[in-house]
Amino acid sequence: MSRVDSTVRRALAITAAAALALSMAACSGSGGGGSKTVVWSTWGTPEELTRYKEFDTQFMKEHPDIKVVLQPVADYSDYHTKLLAQLASGTAPDVFYIGDDKIGQFVNSKALMPLTSLMNSSASKTKPEDFAQGLFGATKKGDEIYAAPNDSNPDALWYDKEALKKAGVTEDPATLAAEGKWTTEAFLDMNAKLHDAGLTGSMFWNYWSTHYSWISSQGGTAFDSSGKFVANTDPTSVKAMDVLAKNFQDGTFVVADTLPEGAGADSVFVTHKAGFFVQGRYTIGTVKAAGDPENYDVAPWPTPSGKPAPTGVAVSYLAINAKTKNKDAAFEFWTNFLSAQGQTFRLKGGGNAVPSIAGADSVVLDGYPAHAQTLLDMRDIGFEDNATEASVPGLSSDISDKMLALYQGKASTKETLDEVAKMIASKTGGK
């Protein structure tokens, strides 16, 4: 599944009538012939939905006593509102996706089934330790797990070799990274050359991963171990955000969200007008559709020393309704869907995500891009949105609004970070 901001932009292309028909046909409980019915819900592109239906068909062949019904929702922006209403009315699906910007709210609502003991049971194909640990994010409360990442998308620096060549850049970012020489200085120098050549240096989406990946990659700290926002009092973080903001303000970096319709970031990138585009593995589909994929590759975020640092990994989560009437069947579907075998089935040949679990990495190492291992390495050390932020509805978006004002030169760096700290403290009871 593509990361959350991507799914907002790439809304599910199915008709509302079709979604309504599926919704009316789906209900929890027993199916015909003594079988149990598991209803599950998600958003997704048409291609993703097709793959999910294929998975459902294969699952039912292997589990003839369980009937699976997919209940898609046409728009990510409507999905969680509908799901919350279903949970409140007792009509929610047995199993469902949750976005990483919403997961904390659902965990706090106590609407999700605790999963730790089930994941550690003999029936499980998804032990907690099998997942990249930084991806659990706000799904955990103490030792209890309430959802698990169904797959992931490390925010990598996709780069266009042709654009770099036009700007007179002679070094290759992935090669520098492999040599431990992918430094912030090298990255900013390439971006300056791109800007001087009349090209866009780098395009970033305005969301939590951009802010906190830059801070982390530059040696700063956004949230301390207690979950308190400290970027405003950490000198390294303040300095890092000041550099990021100034590059946005002078046009070297571009906020992809603000590009005009018809000339969006994808279009800019595939027409060789930008050097770097920070996105997930789903970018494979974009560059392959443009017809010259060999012009593109991936690199991690640069660091002052050239050594890799943890950066943001976007995910969506799969959870089980705490009130499901078919707990065993729901978990059987859940654990198969998230298993190495299940993720391999869903992600092979699709190019849209990186597995979140050990044992499925072969789907990424299929020959493209050349440095695909980078995506796995980034996943293994990466992080999700901090639980403090992800647990408050709308907080992540409110923070991004503050950051956008900074990137547009409407506020100073320290002022912005102080305002973010106050906002978080006011909405989280002091953190």
Side-chain angles (χ1 to χ4, degrees), residues 1-8 42-43 76-77 79-81 83-84 87 96-116 128 131-155 205-216 221-232 237 280 310-320 356 379 382-404 417 420-431:
M1 174 65 70
S2 304
R3 75 179 182 214
V4 168
D5 65 78
S6 171
T7 53
V8 173
T42 183
W43 66 92
Y76 179 84
S77 62
Y79 176 84
H80 295 90
T81 300
L83 182 56
L84 285 168
L87 288 166
F96 41 81
Y97 268 42
I98 304 175
D100 61 355
D101 61 334
K102 308 289 186 181
I103 184 63
Q105 160 184 10
F106 281 81
V107 170
N108 291 340
S109 74
K110 299 183 180 180
L112 309 184
M113 179 184 292
L115 295 166
T116 305
F131 291 90
Q133 295 301 294
L135 306 188
F136 279 107
T139 66
K140 289 185 175 181
K141 272 193 170 297
D143 294 330
E144 191 60 70
I145 298 170
Y146 290 91
N150 58 69
D151 46 49
S152 68
N153 261 306
D155 253 354
W205 297 102
N206 179 35
Y207 82 124
W208 67 264
S209 181
T210 292
H211 328 313
Y212 307 143
S213 291
W214 184 260
I215 287 174
S216 176
T221 302
F223 293 86
D224 66 16
S225 59
S226 72
K228 181 181 179 181
F229 184 81
V230 295
N232 63 316
S237 298
T311 50
V313 182
V315 308
S316 50
Y317 295 99
L318 196 66
I320 299 176
S356 59
R379 173 203 65 188
F383 56 82
E384 241 293 336
D385 194 7
N386 190 274
T388 298
E389 179 173 319
S391 295
V392 180
L395 179 55
S396 187
S397 295
D398 290 342
I399 291 171
S400 290
D401 288 343
K402 294 287 186 183
M403 293 298 190
L404 181 59
L417 294 176
V420 169
K422 291 178 182 178
M423 179 190 298
I424 293 174
S426 68
K427 294 189 176 184
T428 60
K431 281 189 176 180

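Keep in mind that this is a model prediction, so the values were computed, not measured. Starting from 1, each residue takes its place in the sequence as its number.
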Are the side chains of [X] and [Y] in touch, meaning some heavy atoms are under 4.5 Å apart?
X    : Y    : value
T428 : V392 : yes
K102 : V107 : no
Y97  : N150 : yes
H80  : F106 : yes
Q105 : L84  : yes

Set of residues satisfying salt bridge (charged side-chain N to carboxylate O under 4.0 Å, His left out) with respect to D398, sequence neighbours excluded
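Scan of D398 (salt bridge (charged side-chain N to carboxylate O under 4.0 Å, His left out), adjacent residues dropped) gives K427.
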Side-chain ([X]) to main-chain ([Y]) donor-acceptor, under 3.5 angstrom:
X    : Y    : result
T210 : N206 : no
T116 : D143 : yes
S397 : G394 : no

Closest approach of [X] to [Y] (non-hydrogen atoms, all atoms of both residues):
X    : Y    : result
P149 : F131 : O-CE2, 3.6 Å
D224 : S226 : OD1-OG, 2.7 Å
P310 : S216 : O-OG, 2.6 Å
S152 : V315 : CB-CG1, 3.7 Å
A314 : W208 : CA-CZ2, 4.3 Å

Exercise: do D101 and S396 side chains pair donor with acceptor under 3.5 Å
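D101 vs S396: no donor-acceptor pair found between side chains.
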Looking only at the side chains, is there a donor atom on one of D100 and Y207 sitting less than 3.5 Å from an acceptor on the other?
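There is no such pair between these side chains.
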Residues in ring pair (Phe, Tyr, Trp, His ring centres under 6.0 Å) with Y317, at least two apart?
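Listed in chain order: nothing, the list is empty.
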Which residues share a ring pair (Phe, Tyr, Trp, His ring centres under 6.0 Å) with Y212, sequence neighbours left out
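Y212 satisfies ring pair (Phe, Tyr, Trp, His ring centres under 6.0 Å) with F223 once adjacent residues are dropped.
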Kindly compute the distance separating [atom1] ([X]) from [atom2] ([Y]), expressed to the nearest 0.5 Å.
X    : Y    : atom1 : atom2 : value
L115 : E144 : CG    : CD    : 7.0 Å
T311 : F383 : OG1   : CZ    : 6.5 Å
I399 : D385 : CD1   : CG    : 7.5 Å
Y146 : I103 : OH    : CD1   : 11.5 Å

side-chain contact (heavy atoms from CB on, under 4.5 Å) with [X]: which residues, sequence neighbours excluded?
X    : answer
K140 : Q133, F136, I145
S237 : I215, A231, D234
A319 : F96, I98, L112, A147
N108 : K141, S391

How would you list, by chain and number, every residue that makes a side-chain hydrogen bond (donor to acceptor under 3.5 Å, both in side chains) with [X], sequence neighbours excluded?
X    : answer
S356 : Q343
S400 : H211
N232 : D418
E384 : none

Could you check T388 against K228 for side-chain contact (heavy atoms from CB on, under 4.5 Å), going step by step and ending with a plain yes or no?
CA-CA 7 Å; T388 298; K228 181 181 179 181; over 6 Å; no
